[in-house]
Amino acid sequence: QQRFSLDDPDAEALEWPIPLTLAPLDQLDHPSTHLLLPGESLTLPWPSTNAPPKLNVGDAGYYRVLYDDSTVAALTRALPNLPEAEQLNLLGDSWALVQAGRLSTPDYLEIALALRGSTSQPVWNSILNALSEIDIWLWADPNRDAFHNWAVSLLRPQLDRLGWQIQPGESPLVDVLRTRLIGRLGRFGDQSVIAESQARFRRYLEEPSSLTGGLRQTVLYVVGRYADPGTYERLRHLAVSSASTEEKSELYNLSLIHI
């Protein structure tokens, strides 16, 4: 073991007792638990199986796991069929390792791609958080457009699945995911999302009640990001005429989102 740090390259080398839970991928329901003591290593008996190992089963431990390349490849292939907790654990570990410079961004994107068929709101929130940060890293990078195209191809099927409208009985968390998908797809240049946002904005100007909640904020974000002078003037007029300080601030801030 070694201390994991994101922002402190000179962090003091510390070790702790770590309770490890691990199992082969085909025996996740029966993990074994072992205590890794400071300054020691563990040699453990292993079941007769070709399945790769999975550590921190259930995502219960406060530690990161760096697997070797062959194990990462095997876990990635198995990822779509793993329980949600294991998917989130692998996503979280992989992204933290990217941030620490110990895993490449393309390796993380391969892991995210393996989950393209997921319908889990927590899984997609985790992926969206990472994609948003990668986009910032690529500011002024010649590969940014290619990344945007790749991200749109990953995210668009999720918006197609959820649609733009709240469904009866739908969890509020699903609507949060919907608005996040619309915002990211708009930022990444999805032309159909941009066009739909602009159409909903035109309707909103005639019928303000047609846009409410998080969708209103997201649509205004996308419209503001691609506003021509006429659209920008309409947004400015909305800000000037609003009686809400919060709404004024939101609308004026639309001029700052072209990053």
Side-chain angles (χ1 to χ4, degrees), residues 58-59 78-92 95 108-109 111-135 147-227 231 234-235 238 242 244 246-247 249-251 253-254 257:
D59 198 22
L79 200 52
N81 298 316
L82 295 184
E84 182 182 83
E86 309 306 333
Q87 294 175 342
L88 289 168
N89 173 252
L90 286 166
L91 281 171
W95 180 240
Y108 172 82
L109 295 178
I111 292 169
L113 184 63
L115 289 167
R116 60 189 176 276
S118 173
T119 60
S120 164
Q121 187 262 353
V123 164
W124 282 107
N125 270 332
S126 178
I127 293 172
L128 284 166
N129 289 341
L131 296 182
S132 298
E133 190 163 344
I134 293 170
D135 185 43
F147 168 72
H148 284 174
N149 292 336
W150 182 91
V152 167
S153 71
L154 177 68
L155 300 178
R156 182 63 208 221
Q158 293 301 312
L159 179 58
D160 292 341
R161 174 177 65 86
L162 296 179
W164 283 68
Q165 297 300 126
I166 297 175
Q167 301 302 312
E170 181 180 87
S171 166
L173 294 178
V174 173
D175 191 42
V176 171
L177 176 58
R178 173 186 292 109
T179 57
R180 291 200 70 194
L181 286 166
I182 293 169
R184 290 304 90 187
L185 285 165
R187 182 182 180 89
F188 296 156
D190 185 315
Q191 293 301 310
S192 62
V193 166
I194 295 168
E196 179 66 18
S197 296
Q198 291 168 337
R200 287 173 181 262
F201 176 66
R202 289 192 293 272
R203 182 184 174 193
Y204 170 74
L205 293 176
E206 301 295 328
E207 186 183 343
S209 63
S210 65
L211 273 182
T212 59
L215 184 59
R216 173 188 174 278
Q217 185 178 37
T218 300
V219 165
L220 291 178
Y221 164 81
V222 175
V223 168
R225 184 172 180 81
Y226 300 97
T231 301
R234 285 188 282 275
L235 288 168
L238 288 174
S242 174
S244 164
E246 181 180 358
E247 187 176 75
S249 176
E250 176 189 15
L251 290 164
N253 284 339
L254 292 173
I257 62 176

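The figures here come from the full heavy-atom set of this structure, side chains too, leaving out hydrogens, waters and symmetry mates. Since this is a predicted model, take the numbers as computed values, not measurements.
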I need the [X] [atom1] to [Y] [atom2] distance, nearest 0.5 Å.
X      : Y      : atom1 : atom2 : result
His148 : Leu155 : NE2   : CG    : 11.0 Å
Asp135 : Phe188 : CG    : CZ    : 4.5 Å
Leu154 : Asn149 : CG    : CG    : 13.0 Å
Glu133 : Leu131 : CD    : CG    : 10.5 Å
Arg187 : Tyr221 : CZ    : OH    : 4.0 Å
Leu185 : Ile194 : CG    : CD1   : 9.5 Å

Hey, are the side chains of [X] and [Y] touching, using non-hydrogen atoms and a 4.5 Å cut-off?
X      : Y      : result
Glu86  : Asp59  : no
Trp124 : Asn129 : no
Leu113 : Trp150 : yes
Phe201 : Leu235 : yes
Ser197 : Trp164 : yes

Requested in this report: Measure from the side-chain N and O atoms of Gln158 to the backbone N and O of Gly117, and report whether any donor-acceptor pair falls under 3.5 Å.
Outcome: no

With sequence neighbours excluded, tell me which residues meet side chain to side chain contact (heavy atoms under 4.5 Å, CB included) with [X].
X      : result
Pro122 : Glu84, Leu88, Ser120
Asn125 : Gln121, Leu128, Leu177, Arg180
Gln167 : Gln165, Glu170
Thr218 : Thr179, Ile182

Query raised in the report: Residues two or more places apart in sequence or in another chain: which of them pass side chain to side chain donor-acceptor pair (under 3.5 Å) with Ser132?
Result: Arg184

**Report entry** Residues which pass side chain to side chain donor-acceptor pair (under 3.5 Å) with Arg156, listed by chain and number, not counting sequence neighbours
**Finding:** Asp160, Asp190, Ser192

Looking at every heavy atom in both [X] and [Y], which two are closest together, and how far apart are they?
X      : Y      : answer
Ala114 : Pro80  : O-CG, 3.1 Å
Leu215 : Arg200 : CD2-NH1, 4.0 Å
Val222 : Gly183 : CG2-CA, 4.4 Å

In chain order, what residues pass the salt bridge (charged side-chain N to carboxylate O under 4.0 Å, His left out) check against [X], with sequence neighbours excluded?
X      : value
Arg203 : Glu207
Asp175 : Arg178
Arg216 : Glu247, Glu250
Glu206 : none

Query - Evaluation steps, side chain to side chain contact (heavy atoms under 4.5 Å, CB included), between Ile134 and Leu109 - result: CA-CA 10 Å; Ile134 293 170; Leu109 295 178; 3.9 Å; yes

Query raised in the report: Looking at residues at least two apart in the chain, or sitting in another chain, which of them share a ring-ring contact (aromatic ring centres under 6.0 Å, His included) with Tyr204?
Result: none

Query - Tyr108: partners by ring-ring contact (aromatic ring centres under 6.0 Å, His included), with sequence neighbours left out - result: Trp95

Report task. Applying side chain to side chain contact (heavy atoms under 4.5 Å, CB included), run through Leu90 and Leu82 and close with a yes or a no. Result -> CA-CA 10 Å; Leu90 286 166; Leu82 295 184; 3.9 Å; yes

Requested in this report: Step by step, work out the side chain to side chain contact (heavy atoms under 4.5 Å, CB included) result for Thr231 and Tyr226.
Outcome: CA-CA 9 Å; Thr231 301; Tyr226 300 97; over 6 Å; no

